[in-house]
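Order of the sequence lines sets the chain letters (A, B, ...), proteins ahead of strands, with each chain counted from 1. All heavy atoms count here, side chains included; hydrogens, waters and symmetry mates do not.
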Amino acid sequence: MTQDDILEGVAEILRAVFDEPDLEVTRETTAEDVEAWDSLNHITVMVAAEQRFGVKFKTAELERLRDVGELVSLISTKLNLA
Amino acid sequence: MTTADLHWLPPAENFRAELQDAVASSDPQERWRRLVCLARRRLDLLQTGALDRAMRRAFADAPPPRLPTRPERLAVLASSTGDHLVAALRVGALRRGIWLDVLLGDYGQYQQMLFDPGKGLAEFDPTAILLAFDARHAVSMGDSVDQVMERISDIWSKARQACAGLVIQQTLLPVLPGVMGEQEHRLETSDAARLGAINARLRACADPAGVALLSIDSWASRLGIAAWHDAALWHRAKQEIRPAAASLYGELVGRILGAAQGRSAKALVLDLDNTLWGGVIGDDGLDGIVLGQGSAVGEAHLEFQRYARALAGRGVILAVCSKNDAANALAPFDDHPEMGLKRSDIAVFVANWDDKAHNLRHIAAELNIGSDALVFVDDNPAERALVRREMPEVHVPELPDDPAGFGACLADAGYFETLRITPEDLDRGRQYQASAARASLQSSSTDLEGYLRSLNLKLDWRPFDRAGLQRIVQLINKTNQFNLTTRRVSEADVSALLGDPAPITMQVRLADVFGDNGIIAILIAKPAPENPAELVIDTWLMSCRVLGRQVEAATLDILAKQALARGCSTLLGAYRPTDKNGIVRDIYGRLGFSAAGVAGDDNLWRLELASWREHQTFISVSGPES
């Protein structure tokens, strides 16, 4: 799975969680860019990503993420090590 | 780790498209009905959220009128985060056709809300209150179990004042690690032990207080605490119930709300072959079915019978719906030494060759209950699909492959959820036996065409070959019902046919959307000794599992084409009656043959190929020449 595939998968999750089917998602997208991205939805996004990609995040890892690109890289690292 | 999956629900196929269709319906009743149907599939986290949003948009303030259910307003008073559970609560209620409005108390404010209803509770006017205390909060409610129970009882009476309807107390999740081990209960100061003790006291005190329990501690013991709780999520967001368990949580609350409205199922309709026993009674006979002692599979089926019996003992009605001759179906009930169920345990016993949806309507009418109160248990995914398609209101669990899991599957599914048992419940079985009134049969038609098309039937035939030899011999020797001449053979007899160009042999394989059924029909036709232009059907048999799918007609058509290709003019068939093959008495007639007299034990039939026409079927056929 390439990082682009992961980005597309994350984008689908974000669109579903925020109920915005036309949401534009890039590696630079952050929670500040999306009004619906509150702390509850944030948890849902992470849980959905764990389920979809079959990975498990550590709390410390999640606290360091600043944008979608860093989430994509984190997932990619976990998948390559699996 | 076992997951908190709603494993008894069928998978959600084409969810997005079906949700769009549902929302696009112009008729509110139809829109609601379709949303309820979607709620009855196994949805993931995101799908649950999407369904919830669609439902709230379509029915923002109230459900459509004239529903058989009452809308509910549930106030969730939680000591920790509950936002992530709300969508699942609404979908859990929707699954039962109940429109649910949820008020989630502000974080950390449940006590204020209860003790000062002016803070929103009075205005919301709940029909039900759910009290959800997280474990850490609960143990801090007092220095001893007695003190904690005093606080909780006080909370219960305040809840009673705020709500005339249901007060639901969630039991405590055993999330705290122990410090002593197997004898943790001996440590007075152990928080882990205290959780268990509080849960035991909740059970003792809830009934007199008129409170219903949400027993997630039992579920945690069955599934494991990890299925319910992720300590990292607790620390991150104070979510004691993890999002992956939200669906199950919502489902369980939905069950309680549904049970309080009398919406739980009332009758369990059981298939027989490979459900109540291993094997097929019509083919295997009393001695051949697998039931009880001496066999792991037999024990598993017997245990399932006992589970059904236990359900009946507390008021669930039992019925049978089987594709069998009635005499065959009843035989194990009357004569098999290992049967756990007796004929008198079954309120309505239906065994025939009609489609099961038709039969289920009859059973509901006979019992004078709605078809939405039926649970239909059948090991055959094709039968389950037919019923789900024709009667989406009937509850049809996805059974595991192994019968050892049947009872647990039904128990997990909670279709018969009940808040209390009355003396009438305990007596119900006897009442149904005594009742002599028969409801009239509801007439209705099943959309067989649509069903057959949806099965995506693929038939593939070959002449006999070495690879199929064992299975061919097995089928010829064990098939009793759909067997025209019941000629038994040895492996040598069949081997001899392999090299011989004169006979036409067919081994027929059938696949459908659920998978490959393997070889399900065998045919042997030989040129008549006096006249090789006439082909005699020496052997024709088929597995009863594939009756009603036009395989008989398709098989005949293949034979007819083969016969014509050889320059034959006529097909000759014989029916030799036995105790077991009554169902094929008229098959030749139905396929266009004319009766041609009797010879000894055989009823003879004749088809001039000039008058044969290919049947229209929903089967796509392939064979050696195509």
Side-chain angles (χ1 to χ4, degrees), chain A residues 1 5-25 29-32 34-68 70-72 74-75 77-78 81-82, chain B residues 1 3-5 12 15-17 19-20 23 42-58 76 78 80-89 91 102 104 106-107 226-250:
Chain A
M1 191 176 286
D5 294 328
I6 298 173
L7 177 60
E8 188 46 43
V10 169
E12 275 177 28
I13 292 172
L14 295 178
R15 288 177 196 127
V17 172
F18 306 140
D19 193 25
E20 285 190 46
D22 302 317
L23 182 69
E24 287 239 354
V25 177
T29 305
T30 72
E32 277 78 56
V34 187
E35 202 183 318
W37 199 329
D38 59 19
S39 55
L40 171 70
N41 280 337
H42 184 79
I43 304 262
T44 308
V45 166
M46 296 307 151
V47 169
E50 283 181 331
Q51 281 177 359
R52 187 192 182 112
F53 296 106
V55 299
K56 181 118 186 55
F57 300 123
K58 296 209 273 268
T59 303
E61 288 169 338
L62 292 175
E63 280 171 353
R64 287 197 287 268
L65 296 178
R66 280 170 306 190
D67 57 28
V68 168
E70 293 195 355
L71 174 62
V72 168
L74 178 61
I75 294 170
T77 308
K78 285 178 181 293
L81 291 174
Chain B
M1 184 195 87
T3 60
D5 202 24
F15 173 78
R16 216 175 282 177
L19 184 60
Q20 275 173 354
V23 164
R42 200 182 319 155
L43 306 177
D44 67 29
L45 192 63
L46 298 184
Q47 289 167 336
T48 302
L51 178 59
D52 177 58
R53 277 193 299 269
M55 196 265 294
R56 278 185 300 135
R57 259 185 228 126
V76 179
S80 63
T81 306
D83 305 70
H84 60 303
L85 302 174
V86 175
L89 285 167
V91 170
V102 175
L104 179 68
D106 287 337
Y107 188 88
W228 281 92
H229 177 78
D230 177 353
L233 275 175
W234 169 258
H235 293 299
R236 291 216 311 261
K238 296 296 179 285
Q239 290 178 346
E240 181 168 80
I241 311 286
R242 67 189 306 169
S247 280
L248 180 54
Y249 192 89

Structural part of B:Ala232 lying under 4.5 Å from a heavy atom of chain A: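 Both backbone and side chain.
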B:Ala246 versus chain A, the contacting section by heavy-atom distance below 4.5 Å: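 For B:Ala246, neither part sits under 4.5 Å from chain A.
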Chain B contact via A:Ile13 - side chain, backbone, both or neither, heavy atoms under 4.5 Å: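 Contact with chain B is through both the backbone and side chain of A:Ile13.
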With 3.5 Å as the limit, can you list every donor-acceptor pair between chain A and chain B, backbone and side chains included?
from    : atom 1 : to       : atom 2 : distance (Å)
A:Ala16 : O      : B:Arg53  : NH2    : 2.8
A:Asp19 : OD2    : B:Arg53  : NE     : 3.4
A:Asp19 : OD2    : B:Arg57  : NH2    : 2.1
A:Lys56 : NZ     : B:Asp230 : OD2    : 3.4

Atom of B:Pro243, atom of A:Ile43 and distance for their closest heavy-atom approach: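 Result for this residue pair: CG-CG2, 4.3 Å.
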